[in-house]
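Values below: every heavy atom of this structure, side chains too, minus hydrogens, waters and symmetry copies. Every chain is numbered from 1 and lettered A, B, ... according to where its sequence line falls, protein lines coming before strand lines.
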Amino acid sequence: MKILAVDDDPIILELLSHFIEGMTDHTLVTAECAADALEAIKDNARAPFDSFLLDIQMPVTDGIQLASQIRAMKQYMDAPILMLTAMSEKSYIDAAFSAGATDYVTKPFEMTELKARLSLVERAVDGLATRTSKVFAAKAVTHHDGRPERAVQLHEPMAIHDVNNLIEFMALENYVQQLSRSDLFGSICFAFNIRDVEIFHENMSNFEFCSMLSDVGEIISDTLEGCQFLMSYAGGGTFVCITESGWRPDPKLLANNINISLAKTELFDNRGQHINPRICAGKAVRLMWKTNSSVMDALSEAHASAEEATANYQKVQNDFWNVGRTA
Amino acid sequence: MHKKLELPGIERIRARFLDMLEQRQRALAEHALAAWEGSTLQEINDNLAEARTILHQIAGTAGSLGFDDLGTVARDNELAIDAHLDGPKGKIANCPTEIIFGLDDFLKSSEALIAEQSALESA
(Lines give C-alpha, C1' and ligand atoms only; values in the text may rest on other atoms or scores of the structure.)
Protein backbone atom coordinates (compact mmCIF):
# COMPACT_ATOMS: atom_id res chain seq x y z
CA MET A 1 0.00 0.00 0.00
CA LYS A 2 1.03 3.57 -0.57
CA ILE A 3 0.12 5.58 2.52
CA LEU A 4 0.08 9.31 3.19
CA ALA A 5 0.66 10.19 6.87
CA VAL A 6 -0.10 13.71 8.06
CA ASP A 7 0.93 14.94 11.51
CA ASP A 8 2.38 18.23 12.75
CA ASP A 9 4.67 16.38 15.18
CA PRO A 10 7.91 15.34 13.42
CA ILE A 11 8.49 12.64 16.04
CA ILE A 12 5.23 10.91 15.09
CA LEU A 13 6.16 11.04 11.40
CA GLU A 14 9.59 9.66 12.21
CA LEU A 15 8.05 6.86 14.29
CA LEU A 16 5.61 5.99 11.52
CA SER A 17 8.33 6.02 8.85
CA HIS A 18 10.58 3.90 11.02
CA PHE A 19 7.80 1.43 11.76
CA ILE A 20 6.37 1.20 8.26
CA GLU A 21 9.76 0.97 6.55
CA GLY A 22 11.06 -1.49 9.15
CA MET A 23 8.11 -3.81 9.55
CA THR A 24 5.94 -3.71 6.47
CA ASP A 25 6.15 -3.59 2.68
CA HIS A 26 4.11 -0.40 2.53
CA THR A 27 5.40 2.89 1.16
CA LEU A 28 4.95 5.96 3.34
CA VAL A 29 4.85 9.59 2.24
CA THR A 30 4.67 12.16 5.05
CA ALA A 31 3.34 15.70 5.38
CA GLU A 32 3.44 18.05 8.38
CA CYS A 33 0.22 19.94 7.64
CA ALA A 34 -2.96 19.74 5.59
CA ALA A 35 -1.62 22.12 2.92
CA ASP A 36 1.46 19.92 2.40
CA ALA A 37 -0.80 16.86 2.32
CA LEU A 38 -2.98 18.34 -0.42
CA GLU A 39 0.19 19.21 -2.34
CA ALA A 40 1.42 15.61 -1.94
CA ILE A 41 -1.93 14.32 -3.22
CA LYS A 42 -1.56 16.54 -6.31
CA ASP A 43 2.04 15.50 -6.86
CA ASN A 44 1.08 11.81 -6.62
CA ALA A 45 -1.96 12.03 -8.90
CA ARG A 46 -0.48 9.49 -11.32
CA ALA A 47 0.29 6.96 -8.60
CA PRO A 48 -2.37 7.76 -6.00
CA PHE A 49 -2.36 6.80 -2.33
CA ASP A 50 -4.20 3.70 -1.13
CA SER A 51 -4.91 4.99 2.36
CA PHE A 52 -4.32 7.85 4.78
CA LEU A 53 -3.15 8.27 8.37
CA LEU A 54 -4.29 11.67 9.68
CA ASP A 55 -3.62 13.40 12.97
CA ILE A 56 -6.80 15.03 14.29
CA GLN A 57 -5.30 18.04 16.01
CA MET A 58 -3.24 20.16 13.65
CA PRO A 59 -2.96 23.93 13.30
CA VAL A 60 -4.92 25.81 10.58
CA THR A 61 -6.72 22.84 8.97
CA ASP A 62 -7.27 19.97 11.37
CA GLY A 63 -7.37 16.29 10.46
CA ILE A 64 -11.18 16.17 10.45
CA GLN A 65 -11.39 18.98 7.89
CA LEU A 66 -8.64 17.33 5.87
CA ALA A 67 -10.52 13.99 5.94
CA SER A 68 -13.59 15.78 4.50
CA GLN A 69 -11.47 17.35 1.76
CA ILE A 70 -9.92 14.00 0.86
CA ARG A 71 -13.34 12.31 0.82
CA ALA A 72 -14.64 14.99 -1.54
CA MET A 73 -12.03 13.92 -4.12
CA LYS A 74 -13.56 11.41 -6.50
CA GLN A 75 -10.42 9.30 -6.48
CA TYR A 76 -10.50 8.93 -2.69
CA MET A 77 -14.23 8.48 -2.04
CA ASP A 78 -13.63 4.97 -0.69
CA ALA A 79 -9.98 5.10 0.41
CA PRO A 80 -9.49 4.03 4.05
CA ILE A 81 -8.71 6.97 6.35
CA LEU A 82 -7.24 6.08 9.74
CA MET A 83 -7.22 8.91 12.28
CA LEU A 84 -4.30 9.23 14.69
CA THR A 85 -5.51 11.00 17.77
CA ALA A 86 -4.26 11.70 21.24
CA MET A 87 -7.80 12.42 22.28
CA SER A 88 -10.30 9.83 23.27
CA GLU A 89 -13.02 12.46 23.60
CA LYS A 90 -16.09 11.31 21.80
CA SER A 91 -16.87 14.60 20.07
CA TYR A 92 -13.66 14.40 18.03
CA ILE A 93 -14.20 10.75 17.21
CA ASP A 94 -17.79 11.30 16.11
CA ALA A 95 -16.75 14.23 13.94
CA ALA A 96 -13.95 12.16 12.41
CA PHE A 97 -16.31 9.30 11.49
CA SER A 98 -18.88 11.78 10.13
CA ALA A 99 -16.13 13.36 8.01
CA GLY A 100 -15.38 9.97 6.46
CA ALA A 101 -12.80 8.33 8.73
CA THR A 102 -12.70 4.54 8.56
CA ASP A 103 -11.07 3.92 11.93
CA TYR A 104 -8.86 5.56 14.51
CA VAL A 105 -5.88 4.80 16.72
CA THR A 106 -5.30 6.57 20.01
CA LYS A 107 -1.86 8.08 20.60
CA PRO A 108 0.53 7.12 22.05
CA PHE A 109 0.06 4.03 19.94
CA GLU A 110 1.51 0.61 20.45
CA MET A 111 3.30 -0.70 17.39
CA THR A 112 1.38 -4.00 17.65
CA GLU A 113 -1.93 -2.14 17.61
CA LEU A 114 -0.89 0.02 14.68
CA LYS A 115 0.27 -3.06 12.80
CA ALA A 116 -3.09 -4.74 13.38
CA ARG A 117 -4.98 -1.65 12.22
CA LEU A 118 -2.86 -1.37 9.09
CA SER A 119 -3.63 -5.01 8.28
CA LEU A 120 -7.34 -4.20 8.46
CA VAL A 121 -6.79 -1.20 6.20
CA GLU A 122 -4.86 -3.37 3.76
CA ARG A 123 -7.73 -5.86 3.65
CA ALA A 124 -10.15 -3.00 2.98
CA VAL A 125 -7.93 -1.74 0.15
CA ASP A 126 -7.81 -5.26 -1.33
CA GLY A 127 -11.59 -5.49 -0.99
CA LEU A 128 -11.99 -2.19 -2.81
CA ALA A 129 -9.78 -3.40 -5.65
CA THR A 130 -11.84 -6.60 -5.94
CA ARG A 131 -15.14 -4.72 -6.01
CA THR A 132 -13.79 -2.27 -8.59
CA SER A 133 -12.66 -5.11 -10.83
CA LYS A 134 -16.12 -6.71 -10.46
CA VAL A 135 -17.78 -3.46 -11.57
CA PHE A 136 -15.52 -3.21 -14.61
CA ALA A 137 -16.08 -6.88 -15.40
CA ALA A 138 -19.84 -6.39 -15.20
CA LYS A 139 -19.70 -3.89 -18.03
CA ALA A 140 -18.54 -6.56 -20.41
CA VAL A 141 -20.45 -9.59 -19.18
CA THR A 142 -24.16 -10.12 -19.77
CA HIS A 143 -26.67 -12.80 -18.85
CA HIS A 144 -27.90 -15.10 -21.61
CA ASP A 145 -31.20 -13.17 -21.50
CA GLY A 146 -29.39 -9.89 -22.10
CA ARG A 147 -29.56 -8.52 -18.56
CA PRO A 148 -26.26 -7.11 -17.30
CA GLU A 149 -24.23 -9.18 -14.80
CA ARG A 150 -24.93 -7.94 -11.32
CA ALA A 151 -21.90 -6.35 -9.64
CA VAL A 152 -23.81 -5.09 -6.62
CA GLN A 153 -24.52 -8.08 -4.41
CA LEU A 154 -27.81 -7.89 -2.53
CA HIS A 155 -26.43 -8.85 0.86
CA GLU A 156 -23.13 -6.97 0.69
CA PRO A 157 -22.64 -3.66 2.50
CA MET A 158 -22.07 -0.82 0.08
CA ALA A 159 -20.57 2.67 0.35
CA ILE A 160 -23.15 5.39 -0.26
CA HIS A 161 -21.75 8.86 -0.70
CA ASP A 162 -22.94 12.40 -0.06
CA VAL A 163 -25.55 11.53 2.55
CA ASN A 164 -25.14 13.25 5.91
CA ASN A 165 -23.93 10.97 8.72
CA LEU A 166 -24.01 7.92 6.45
CA ILE A 167 -20.67 6.17 6.69
CA GLU A 168 -19.20 2.94 5.36
CA PHE A 169 -20.21 -0.22 7.19
CA MET A 170 -16.63 -1.06 8.17
CA ALA A 171 -16.30 2.42 9.70
CA LEU A 172 -19.55 1.90 11.62
CA GLU A 173 -18.27 -1.42 12.96
CA ASN A 174 -15.03 0.26 14.06
CA TYR A 175 -17.02 3.07 15.63
CA VAL A 176 -19.19 0.64 17.59
CA GLN A 177 -16.13 -1.26 18.80
CA GLN A 178 -14.60 1.98 20.05
CA LEU A 179 -17.83 2.81 21.89
CA SER A 180 -17.33 -0.10 24.24
CA ARG A 181 -13.94 1.29 25.21
CA SER A 182 -15.36 4.64 26.13
CA ASP A 183 -17.96 5.56 28.65
CA LEU A 184 -20.80 5.92 26.18
CA PHE A 185 -22.86 2.99 27.23
CA GLY A 186 -26.19 4.72 26.73
CA SER A 187 -26.10 4.57 22.95
CA ILE A 188 -28.80 2.72 21.06
CA CYS A 189 -28.77 0.98 17.70
CA PHE A 190 -31.71 0.19 15.46
CA ALA A 191 -32.21 -0.58 11.78
CA PHE A 192 -34.57 -0.01 8.87
CA ASN A 193 -35.10 -2.58 6.14
CA ILE A 194 -36.44 -1.88 2.65
CA ARG A 195 -39.43 -4.07 1.92
CA ASP A 196 -39.23 -6.23 -1.21
CA VAL A 197 -35.59 -5.32 -1.65
CA GLU A 198 -34.98 -8.62 -3.46
CA ILE A 199 -37.50 -7.61 -6.13
CA PHE A 200 -35.89 -4.18 -6.56
CA HIS A 201 -32.49 -5.84 -6.76
CA GLU A 202 -33.67 -8.40 -9.29
CA ASN A 203 -35.38 -5.93 -11.60
CA MET A 204 -33.08 -2.95 -11.44
CA SER A 205 -29.71 -2.20 -13.00
CA ASN A 206 -26.77 -1.64 -10.65
CA PHE A 207 -27.08 2.09 -11.13
CA GLU A 208 -30.83 2.12 -10.43
CA PHE A 209 -30.44 -0.05 -7.33
CA CYS A 210 -27.60 2.10 -5.96
CA SER A 211 -29.57 5.27 -6.70
CA MET A 212 -32.60 3.91 -4.86
CA LEU A 213 -30.46 2.98 -1.83
CA SER A 214 -28.94 6.45 -1.89
CA ASP A 215 -32.41 8.08 -2.02
CA VAL A 216 -33.75 5.93 0.82
CA GLY A 217 -30.57 6.63 2.84
CA GLU A 218 -30.98 10.35 2.30
CA ILE A 219 -34.60 10.28 3.47
CA ILE A 220 -33.65 8.30 6.60
CA SER A 221 -30.82 10.77 7.28
CA ASP A 222 -33.14 13.77 6.78
CA THR A 223 -35.72 12.22 9.11
CA LEU A 224 -33.11 11.77 11.84
CA GLU A 225 -31.74 15.29 11.34
CA GLY A 226 -31.28 17.17 14.58
CA CYS A 227 -30.40 13.99 16.48
CA GLN A 228 -26.82 12.83 17.01
CA PHE A 229 -26.47 9.67 14.95
CA LEU A 230 -24.36 7.71 12.52
CA MET A 231 -25.75 5.21 10.06
CA SER A 232 -24.58 2.79 7.42
CA TYR A 233 -25.91 0.56 4.67
CA ALA A 234 -25.29 -2.97 5.89
CA GLY A 235 -26.53 -4.84 2.81
CA GLY A 236 -29.79 -6.70 2.19
CA GLY A 237 -31.70 -3.41 2.08
CA THR A 238 -30.89 -2.65 5.71
CA PHE A 239 -29.67 0.65 7.13
CA VAL A 240 -28.25 0.37 10.64
CA CYS A 241 -28.28 3.50 12.84
CA ILE A 242 -26.47 4.31 16.10
CA THR A 243 -27.60 7.21 18.26
CA GLU A 244 -25.95 9.09 21.06
CA SER A 245 -26.86 8.49 24.64
CA GLY A 246 -29.72 10.53 25.95
CA TRP A 247 -32.05 10.06 23.02
CA ARG A 248 -34.43 7.13 22.99
CA PRO A 249 -35.78 6.76 19.50
CA ASP A 250 -39.13 5.18 18.70
CA PRO A 251 -38.18 3.22 15.55
CA LYS A 252 -41.81 2.58 14.54
CA LEU A 253 -42.66 6.27 14.70
CA LEU A 254 -39.51 7.05 12.74
CA ALA A 255 -40.45 4.38 10.18
CA ASN A 256 -43.83 6.03 9.68
CA ASN A 257 -42.17 9.41 9.15
CA ILE A 258 -39.65 7.89 6.72
CA ASN A 259 -42.43 6.14 4.76
CA ILE A 260 -44.43 9.39 4.59
CA SER A 261 -41.34 11.16 3.19
CA LEU A 262 -40.77 8.30 0.74
CA ALA A 263 -44.40 8.57 -0.37
CA LYS A 264 -44.06 12.33 -0.88
CA THR A 265 -40.80 11.95 -2.82
CA GLU A 266 -41.29 10.92 -6.40
CA LEU A 267 -38.75 8.25 -7.25
CA PHE A 268 -38.34 6.82 -10.73
CA ASP A 269 -36.26 4.14 -12.38
CA ASN A 270 -34.35 4.61 -15.64
CA ARG A 271 -37.45 3.83 -17.73
CA GLY A 272 -39.40 6.58 -15.98
CA GLN A 273 -41.46 4.09 -13.99
CA HIS A 274 -42.52 5.25 -10.56
CA ILE A 275 -40.92 3.20 -7.78
CA ASN A 276 -42.29 2.99 -4.25
CA PRO A 277 -39.72 1.76 -1.77
CA ARG A 278 -41.02 1.49 1.80
CA ILE A 279 -39.25 0.46 4.95
CA CYS A 280 -39.89 -1.46 8.17
CA ALA A 281 -38.17 -0.71 11.47
CA GLY A 282 -36.68 -3.21 13.85
CA LYS A 283 -36.46 -2.83 17.60
CA ALA A 284 -34.12 -0.43 19.38
CA VAL A 285 -31.21 -2.30 21.00
CA ARG A 286 -29.44 -0.63 23.91
CA LEU A 287 -25.65 -0.85 23.97
CA MET A 288 -25.44 -0.24 27.70
CA TRP A 289 -22.79 -2.21 29.59
CA LYS A 290 -22.08 -4.49 26.70
CA THR A 291 -18.64 -6.00 26.17
CA ASN A 292 -16.76 -5.56 22.90
CA SER A 293 -18.13 -8.67 21.22
CA SER A 294 -21.69 -8.26 22.49
CA VAL A 295 -21.74 -4.69 21.13
CA MET A 296 -21.13 -6.23 17.70
CA ASP A 297 -23.89 -8.73 18.49
CA ALA A 298 -26.20 -5.81 19.30
CA LEU A 299 -25.54 -4.41 15.83
CA SER A 300 -26.43 -7.77 14.29
CA GLU A 301 -29.50 -8.01 16.53
CA ALA A 302 -30.76 -4.63 15.31
CA HIS A 303 -30.09 -5.68 11.72
CA ALA A 304 -31.89 -9.01 12.13
CA SER A 305 -34.78 -7.34 13.92
CA ALA A 306 -35.40 -4.99 10.97
CA GLU A 307 -35.34 -7.93 8.53
CA GLU A 308 -37.74 -9.80 10.79
CA ALA A 309 -40.08 -6.78 10.85
CA THR A 310 -40.15 -6.83 7.04
CA ALA A 311 -40.81 -10.59 7.00
CA ASN A 312 -43.66 -10.15 9.51
CA TYR A 313 -45.12 -7.30 7.49
CA GLN A 314 -45.09 -9.41 4.35
CA LYS A 315 -46.64 -12.36 6.21
CA VAL A 316 -49.46 -10.14 7.52
CA GLN A 317 -50.08 -8.88 3.98
CA ASN A 318 -50.27 -12.43 2.63
CA ASP A 319 -52.48 -13.61 5.50
CA PHE A 320 -54.79 -10.66 4.91
CA TRP A 321 -55.42 -11.70 1.31
CA ASN A 322 -55.75 -15.35 2.29
CA VAL A 323 -58.39 -14.76 4.97
CA GLY A 324 -61.47 -16.86 4.24
CA ARG A 325 -59.81 -18.80 1.42
CA THR A 326 -59.82 -22.55 1.50
CA ALA A 327 -57.59 -24.93 -0.38
CA MET B 1 -1.22 -8.80 28.21
CA HIS B 2 0.74 -8.25 25.02
CA LYS B 3 4.42 -7.47 24.85
CA LYS B 4 5.44 -4.01 23.70
CA LEU B 5 6.94 -4.13 20.25
CA GLU B 6 10.47 -2.75 20.33
CA LEU B 7 11.75 -1.77 16.93
CA PRO B 8 15.44 -1.93 16.14
CA GLY B 9 16.79 1.58 15.63
CA ILE B 10 14.21 3.22 17.87
CA GLU B 11 17.11 4.72 19.89
CA ARG B 12 17.67 7.32 17.19
CA ILE B 13 14.07 8.55 17.51
CA ARG B 14 14.33 8.50 21.31
CA ALA B 15 17.45 10.69 21.12
CA ARG B 16 15.64 13.11 18.82
CA PHE B 17 12.67 13.18 21.18
CA LEU B 18 14.97 14.04 24.10
CA ASP B 19 16.64 16.81 22.08
CA MET B 20 13.27 18.23 21.23
CA LEU B 21 12.14 17.80 24.83
CA GLU B 22 14.83 20.24 25.93
CA GLN B 23 13.56 22.84 23.47
CA ARG B 24 9.96 22.08 24.33
CA GLN B 25 10.45 22.39 28.07
CA ARG B 26 12.07 25.81 27.55
CA ALA B 27 9.13 26.95 25.43
CA LEU B 28 6.70 25.49 27.96
CA ALA B 29 8.36 27.37 30.84
CA GLU B 30 8.17 30.61 28.85
CA HIS B 31 4.46 30.16 28.13
CA ALA B 32 3.72 29.18 31.74
CA LEU B 33 5.50 32.28 33.00
CA ALA B 34 3.79 34.52 30.44
CA ALA B 35 0.39 33.08 31.43
CA TRP B 36 1.15 33.55 35.13
CA GLU B 37 2.27 37.15 34.64
CA GLY B 38 -0.34 37.96 31.99
CA SER B 39 -2.83 40.70 32.72
CA THR B 40 -5.41 40.21 29.97
CA LEU B 41 -7.65 37.20 29.35
CA GLN B 42 -6.29 36.79 25.84
CA GLU B 43 -2.67 36.92 26.97
CA ILE B 44 -3.30 34.28 29.66
CA ASN B 45 -5.42 31.96 27.54
CA ASP B 46 -3.20 32.22 24.45
CA ASN B 47 -0.14 31.24 26.46
CA LEU B 48 -2.01 28.39 28.17
CA ALA B 49 -3.20 27.18 24.76
CA GLU B 50 0.40 27.24 23.45
CA ALA B 51 1.56 25.29 26.51
CA ARG B 52 -1.26 22.83 25.95
CA THR B 53 -0.20 22.23 22.33
CA ILE B 54 3.35 21.38 23.47
CA LEU B 55 2.03 19.02 26.17
CA HIS B 56 -0.30 17.42 23.63
CA GLN B 57 2.61 16.60 21.33
CA ILE B 58 4.73 15.19 24.17
CA ALA B 59 1.81 13.11 25.44
CA GLY B 60 1.22 11.76 21.94
CA THR B 61 4.70 10.28 21.51
CA ALA B 62 6.35 9.78 24.93
CA GLY B 63 4.48 6.52 25.56
CA SER B 64 5.39 5.06 22.16
CA LEU B 65 9.07 5.64 22.97
CA GLY B 66 8.99 4.03 26.40
CA PHE B 67 8.64 7.26 28.42
CA ASP B 68 5.20 6.35 29.73
CA ASP B 69 5.39 8.32 33.01
CA LEU B 70 6.36 11.54 31.28
CA GLY B 71 3.54 11.00 28.78
CA THR B 72 1.03 10.55 31.61
CA VAL B 73 2.12 13.75 33.39
CA ALA B 74 1.95 15.63 30.07
CA ARG B 75 -1.55 14.27 29.39
CA ASP B 76 -2.76 15.20 32.92
CA ASN B 77 -1.52 18.76 32.43
CA GLU B 78 -3.06 18.96 28.96
CA LEU B 79 -6.44 17.86 30.30
CA ALA B 80 -6.19 20.31 33.24
CA ILE B 81 -5.59 23.20 30.81
CA ASP B 82 -8.46 22.00 28.59
CA ALA B 83 -10.80 21.86 31.59
CA HIS B 84 -9.79 25.36 32.64
CA LEU B 85 -10.11 26.91 29.16
CA ASP B 86 -13.46 25.21 28.52
CA GLY B 87 -14.84 25.95 31.99
CA PRO B 88 -16.28 29.15 33.49
CA LYS B 89 -12.90 30.17 34.95
CA GLY B 90 -11.50 30.26 31.44
CA LYS B 91 -13.45 33.47 30.93
CA ILE B 92 -11.70 35.28 33.80
CA ALA B 93 -8.28 36.93 33.43
CA ASN B 94 -6.65 34.82 36.09
CA CYS B 95 -4.20 31.96 35.66
CA PRO B 96 -4.92 29.25 38.29
CA THR B 97 -2.02 28.35 40.58
CA GLU B 98 -2.86 24.61 40.24
CA ILE B 99 -2.09 24.77 36.52
CA ILE B 100 1.25 26.51 37.15
CA PHE B 101 2.13 23.98 39.88
CA GLY B 102 1.17 21.16 37.50
CA LEU B 103 3.38 22.59 34.76
CA ASP B 104 6.20 22.97 37.26
CA ASP B 105 5.85 19.28 38.17
CA PHE B 106 5.97 18.37 34.50
CA LEU B 107 9.13 20.43 33.95
CA LYS B 108 10.78 18.72 36.93
CA SER B 109 9.86 15.26 35.53
CA SER B 110 11.15 16.27 32.14
CA GLU B 111 14.47 17.57 33.53
CA ALA B 112 14.88 14.40 35.60
CA LEU B 113 14.28 12.21 32.55
CA ILE B 114 16.79 14.14 30.43
CA ALA B 115 19.39 13.88 33.25
CA GLU B 116 18.70 10.16 33.68
CA GLN B 117 19.01 9.44 29.96
CA SER B 118 22.15 11.50 29.70
CA ALA B 119 23.69 9.59 32.64
CA LEU B 120 22.76 6.29 30.95
CA GLU B 121 24.40 7.44 27.76
CA SER B 122 27.65 8.43 29.41
CA ALA B 123 27.79 5.24 31.54
Side-chain angles (χ1 to χ4, degrees), chain A residues 5-26 28 30 32-33 53-64 82-93 96 104-119 182-183 292, chain B residues 1-25 27-28 46 49-83 85-87 110 113-114 117:
Chain A
V6 192
D7 198 305
D8 62 327
D9 185 350
I11 297 286
I12 288 281
L13 294 180
E14 214 168 311
L15 263 171
L16 287 172
S17 301
H18 188 75
F19 164 71
I20 288 171
E21 281 160 17
M23 291 200 63
T24 71
D25 296 327
H26 309 312
L28 187 77
T30 61
E32 287 198 14
C33 64
L53 301 175
L54 309 181
D55 181 30
I56 286 191
Q57 200 173 46
M58 293 189 290
V60 191
T61 304
D62 65 28
I64 296 170
L82 193 67
M83 305 304 290
L84 300 169
T85 172
M87 290 156 292
S88 52
E89 289 102 311
K90 180 113 184 341
S91 57
Y92 291 101
I93 306 305
Y104 76 90
V105 177
T106 307
K107 289 193 283 188
F109 42 76
E110 293 279 340
M111 294 304 167
T112 38
E113 190 194 351
L114 188 62
K115 195 178 180 196
R117 295 300 169 102
L118 282 177
S119 300
S182 67
D183 56 353
N292 212 11
Chain B
M1 211 170 88
H2 64 270
K3 204 178 128 201
K4 265 193 180 181
L5 196 65
E6 186 81 352
L7 285 175
I10 200 92
E11 281 308 323
R12 183 177 51 83
I13 305 176
R14 263 197 203 120
R16 180 143 189 240
F17 174 84
L18 291 168
D19 278 349
M20 285 182 77
L21 187 60
E22 285 198 50
Q23 298 161 25
R24 283 169 169 174
Q25 70 178 27
L28 195 62
D46 284 356
E50 291 290 340
R52 186 234 177 252
T53 301
I54 296 169
L55 291 162
H56 171 79
Q57 291 190 322
I58 295 169
T61 48
S64 302
L65 294 166
F67 305 128
D68 298 44
D69 293 345
L70 186 81
T72 306
V73 184
R75 174 76 67 236
D76 291 346
N77 277 278
E78 179 195 348
L79 294 176
I81 295 175
D82 276 346
L85 293 176
D86 295 339
S110 164
L113 178 73
I114 291 169
Q117 293 296 314

Is chain B contacted by the side chain of Asp8(A), its backbone, both, or neither, given a heavy-atom distance below 4.5 Å?
-> both
Can you tell me if CG on Asp25(A) sees more than 12 non-hydrogen neighbours from other groups inside 6.0 Å?
->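 For Asp25(A), atom CG is not crowded (no more than 12 foreign heavy atoms under 6.0 Å).
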Taking atom CE of Met20(B) and atom CD of Glu14(A), what is their separation to the nearest 0.5 Å?
->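 Going from the CE atom of Met20(B) to the CD atom of Glu14(A) covers 9.0 Å.
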What distance do Arg75(B) atom CZ and Lys107(A) atom NZ have between them, rounded to the nearest 0.5 Å?
-> 8.5 Å
Just by distance, do the side chain of Ser64(B) and the backbone of Phe109(A) share a donor-acceptor pair under 3.5 Å?
->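 Checked: pair present.
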What's the shortest heavy-atom distance between Arg16(B) and Ile11(A), and which atoms?
->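 Looking at all heavy atoms of both residues, the closest pair is CG-CD1, 3.8 Å.
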Considering non-hydrogen atoms only, spot the tightest contact between His18(A) and Arg12(B) and give its length.
->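 In this case the closest contact between His18(A) and Arg12(B) is ND1-NH2, 3.6 Å.
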Candidates Ile12(A), Asp55(A), Asp9(A) - the one meeting side-chain contact (heavy atoms from CB on, under 4.5 Å) with Gln57(B) | Asp9(A)
